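The structure appears right after this line, and notes come after that.
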Amino acid sequence: MASSPLEKPGNVLGGTQPLVKYGGLNGNALLYAVVAIATCGFSLFGYDQGLMSGIIASEQFNTEFPATKQRDANDVHAGTVQGSVTSCYEVGCFIGALIAFFIGDKMGRRKMMFGGAVVMIIGTVISVSAFGPGDTSGRGNVGGFVQFIIGRVITGFGNGANTATIPSWVAETSKAHNRGFLICMEASTVAVGTVIAYWIDFGLSFVDSSVSWRFPIAMQILFALILIGGVAVLPESPRWLIAHGHSAEGLKVIAALDARSIDDPVSIADHKKIVDALAAQAAVKANKTRDLLKMGKQQHFRRALVGASTQLFQQIGGCNAVIYYSTVLFENQIGLDTQLSLILGGVLSVVYMIFALTSFFLVEKVGRRKLFLWGTVGQAVSMFITFGCLLPGDAQSAKGAAFGLYFFIAWFGATWLPLPWLYPAELNSMAVRTQANAVSTMVNWIFNFTVVQVLPTMTASIGAYTFLFFGLINLVFLPFIYFFYPETTGRSLEELDVIFAHAHLTQRRPTLVAAELPKLSDHQIQEMTERYDIHGGDNAEDPEAIGAPVNVTPDTTLPPIHPHDHVGSGEATRVPTPTEGQVKPAQ
């Protein structure tokens with residue numbers, strides 16, 4: 001029988017001391033708890049996306065804040081105001097991710113998430129207590145509108161810090177064989193939060209008071225409290241603990257995650273592997289922010305760019321045109337009545353969630369690279385369908401556009417929703433993972449802001465051609481994904497360091513090396529890390545010290561799989577090099 005993605009093969013217990021537990025949990029139960037809290041954090045992210053889709057054009061919200069009410073589908077000014085009210089949240093998220101870039105590694109994963117949740121609660125209280133100029137009790141004014149916006153910015157600040165931190169926490173707590181499954185589970189629950197928000201909005205749309213929008217916004221506090229409670233009892237990332245001088249605590253976390261004792265040989269071996277990798281990185285003393293710009297064997301800059309590009313492509317591919325504004329698009333662009341638009345928006349969110357949940361299993365079976373490529377093609381086709389159906393301008397043809405939006409959200413949920421949160425977390429080296437993930441998250445939020453801000457203006461100005469634009473943008477992604485996105489499925493975080501170093505030394509694209517290099521054993525990873533001196537170099541600032549040796553052919557012979565094996569045992573131990581085929585230029 002095939003093992004589930006959370007089962008760890010070969011789990012033979014050893015050691016004499018009691019098993020380590022956190023919150024009364026260890027092993028898979030502890031992993032489930034870590035992922036559950038991570039999913040709560042990302043559900044909160046998705047909740048806001050669905051939240052504003054149902055609120056921004058609702059009668060009670062528009063009455064409270066009259067500047068957000070569109071007179072008709074071509075009201076560019078009100079559309080721009082709607083975009084600003086919605087997108088100000090993304091400004092706060094960008095600032096939160098920026099803060100995580102500078103202090104996230106010092107504070108640790110748990111403290112950043114705890115602080116982010118507290119800030120979200122503060123921002124939510126500020127927004128909910130705002131009374132706009134249209135308030136029927138006479139308590140409101142324009143200042144209340146400003147207060148609502150400030151509250152959304154503060155809420156976004158906390159969410160940005162969380163979304164920059166949670167993927168690293170999960171990636172560093174999980175194993176190579178289940179990392180993709182776990183992070184996709186966490187990221188895909190963005191869709192679950194969106195579903196909850198859509199249907200709460202719909203149910204409260206029948207309430208004839210400001211409760212119809214205040215209660216859904218206040219619900220964010222519940223998610224934040226769950227996140228705070230979970231972080232308070234669950235362990236810190238073992239890699240972060242070891243990297244910051246808490247080696248004994250790091251060993252305890254490793255043992256707890258393996259359901260073993262701290263003197264178990266497997267726990268000690270896993271701990272030593274991380275200690276050795278971090279010690280090699282620490283041997284080169286340099287500024288981590290500056291390290292992010294390095295190429296050479298470590299390829300930090302290349303890896304950070306590729307990781308950040310996933311977030312860029314996710315945002316400008318058109319997802320927020322569908323998620324944030326689906327009900328507005330159904331009503332204004334397709335011409336449906338308000339109640340039917342809300343219902344269809346809720347159904348769309350359910351489709352979104354269903355296909356997002358399939359990514360749990362697809363990501364390990366199909367692989368990251370194929371999902372990126374197929375998802376991009378599916379999104380492009382969906383946008384072209386939507387454009388083609390809206391172009392004639394009649395009601396009958398416009399119904400086909402609804403299918404295009406549903407088709408898009410299915411492809412997006414199964415592929416581009418979770419992958420940009422998984423890929424940078426596993427692609428980047430531990431030495432700069434916090435900074436690189438924060439950069440990726442900042443890219444997400446700045447382009448999330450851009451799309452959410454300009455979309456109402458675009459649809460009011462150019463109508464159907466908005467979807468043609470997004471379709472063409474998706475086609476632009478394809479060559480970049482093909483040439484620069486290596487497959488990472490089943491690879492350990494340390495193994496990816498070897499792949500990029502090998503690609504640099506042999507002057508080949510990492511996509512080709514990742515496809516050709518067999519799965520490496522722990523012994524091979526250690527041997528190749530030392531041979532390539534991946535984390536070393538006498539002068540870290542000298543390109544020659546961290547790049548390929550000048551006029552020296554790199555040794556591409558794989559070490560034996562096990563220390564007691566010999567190269568001459570009959571197993572293939574070479575990786576193709578440029579001399580064994582067409583010579584590839586350095587990328």
Side-chain angles (χ1 to χ4, degrees), residues 44-45 47-71 75-99 115-162 197 201 204-205 207 209-221 223-224 320 324-325 327-328 442 445-457 460:
L44 184 51
F45 168 26
Y47 184 84
D48 182 82
Q49 290 182 318
L51 174 73
M52 290 310 294
S53 177
I55 286 177
I56 194 65
S58 68
E59 182 179 350
Q60 288 299 331
F61 187 79
N62 292 158
T63 300
E64 186 92 26
F65 306 111
T68 63
K69 184 175 180 60
Q70 279 188 295
R71 296 187 302 273
D75 188 347
V76 175
H77 174 72
T80 303
V81 173
Q82 286 185 356
S84 299
V85 172
T86 305
S87 66
C88 66
Y89 178 81
E90 277 69 39
V91 174
C93 291
F94 174 81
I95 296 172
L98 184 65
I99 295 298
V118 170
V119 170
M120 291 195 78
I121 292 174
I122 295 171
T124 300
V125 171
I126 292 173
S127 291
V128 169
S129 60
F131 293 91
D135 179 64
T136 55
S137 67
R139 291 172 292 181
N141 51 45
V142 175
F145 190 34
V146 174
Q147 177 183 331
F148 180 83
I149 292 173
I150 291 173
R152 277 187 58 76
V153 172
I154 294 174
T155 305
F157 178 94
N159 189 53
N162 286 340
D201 282 351
L204 290 173
S205 67
V207 176
S209 73
S210 64
V211 172
S212 65
W213 63 267
R214 293 186 196 276
F215 181 81
I217 292 175
M219 274 286 292
Q220 295 178 99
I221 294 176
F223 290 93
N320 287 313
Y324 275 97
Y325 297 113
T327 55
V328 177
M442 283 189 283
W445 290 119
I446 198 64
F447 283 96
N448 193 319
F449 162 77
T450 302
V451 173
V452 173
Q453 173 64 50
V454 305
L455 185 72
T457 307

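Just so you know, these numbers come straight off a predicted model, no measurement behind them. Below, each value reflects all heavy atoms present in this structure, side chains not excepted, and no hydrogens, waters or symmetry copies.
- For Ser58, there are no side chain to side chain donor-acceptor pair (under 3.5 Å) partners, not counting sequence neighbours.
- To the nearest 0.5 Å, atom OG1 of residue Thr155 and atom CD1 of residue Ile217 are 8.5 Å apart.
- With hydrogens and angles ignored, the 3.5 Å screen pairs no side-chain donor or acceptor of Arg152 with any backbone N or O of Cys88.
- Taking the side chain as every heavy atom from C-beta outward, Asp48 and Leu51 approach each other to under 4.5 Å.
- The two residues Ala130 and Gly144 make their nearest non-hydrogen contact at CB-O, 3.3 Å.
- One distance of note links OG of Ser87 with CG of Leu455; it measures 11.0 Å at 0.5 Å rounding.
- Side-chain atoms of Phe145 and Val85, non-hydrogen and from C-beta on, do get closer than 4.5 Å to each other.
- Every side chain to side chain contact (heavy atoms under 4.5 Å, CB included) that Phe447 has, sequence neighbours left out, goes to Leu312, Gln315, Ile316, Val443.
- Here the shortest heavy-atom pairing between Asn448 and Glu90 reads OD1-CG, 3.1 Å.
- Listed by chain and number, the residues in a side chain to side chain donor-acceptor pair (under 3.5 Å) with Asn162 amount to none (sequence neighbours excluded).
- When the side chain to side chain donor-acceptor pair (under 3.5 Å) test is applied to Thr124, no partner is found at least two apart in sequence or on another chain.
- Take Ala97 and apply the side chain to side chain contact (heavy atoms under 4.5 Å, CB included) test, not counting sequence neighbours, and it matches Ala164, Thr441, Met442, Trp445.
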Is there a side-chain contact (heavy atoms from CB on, under 4.5 Å) between Arg214 and Glu64 once you walk through the steps? CA-CA 11 Å; Arg214 293 186 196 276; Glu64 186 92 26; 3.4 Å; yes
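- Residues forming a side chain to side chain contact (heavy atoms under 4.5 Å, CB included) with Val146 (at least two apart in sequence, or on another chain): Ile150.
- Contact check for Tyr47 versus Phe223: side-chain heavy atoms found under the 4.5 Å cut-off.
- Contact record, Thr68 with Gln82: O-NE2, 2.8 Å, taken as the closest heavy-atom pair.
- For Val207, the side chain to side chain contact (heavy atoms under 4.5 Å, CB included) partners two or more places apart in sequence, or in a different chain, are Leu204, Ser209, Val211, Ser212.
- Scanning both residues, Val128 and Ala218, for their nearest heavy atoms gives CG2-N, 3.7 Å.
- Interatomic distance, OG of Ser210 versus CZ of Phe215, reported as 13.0 Å (0.5 Å rounding).
- In this structure Phe148 satisfies the ring-ring contact (aromatic ring centres under 6.0 Å, His included) test together with Phe61, Phe65, Trp213, sequence neighbours excluded.
- Not counting sequence neighbours, the partners of Ser129 by the side chain to side chain donor-acceptor pair (under 3.5 Å) test are Gln147.
- The side chain to side chain contact (heavy atoms under 4.5 Å, CB included) test with Phe157 singles out one residue from Ile122, Ile99, Leu98, and that residue is Ile99.
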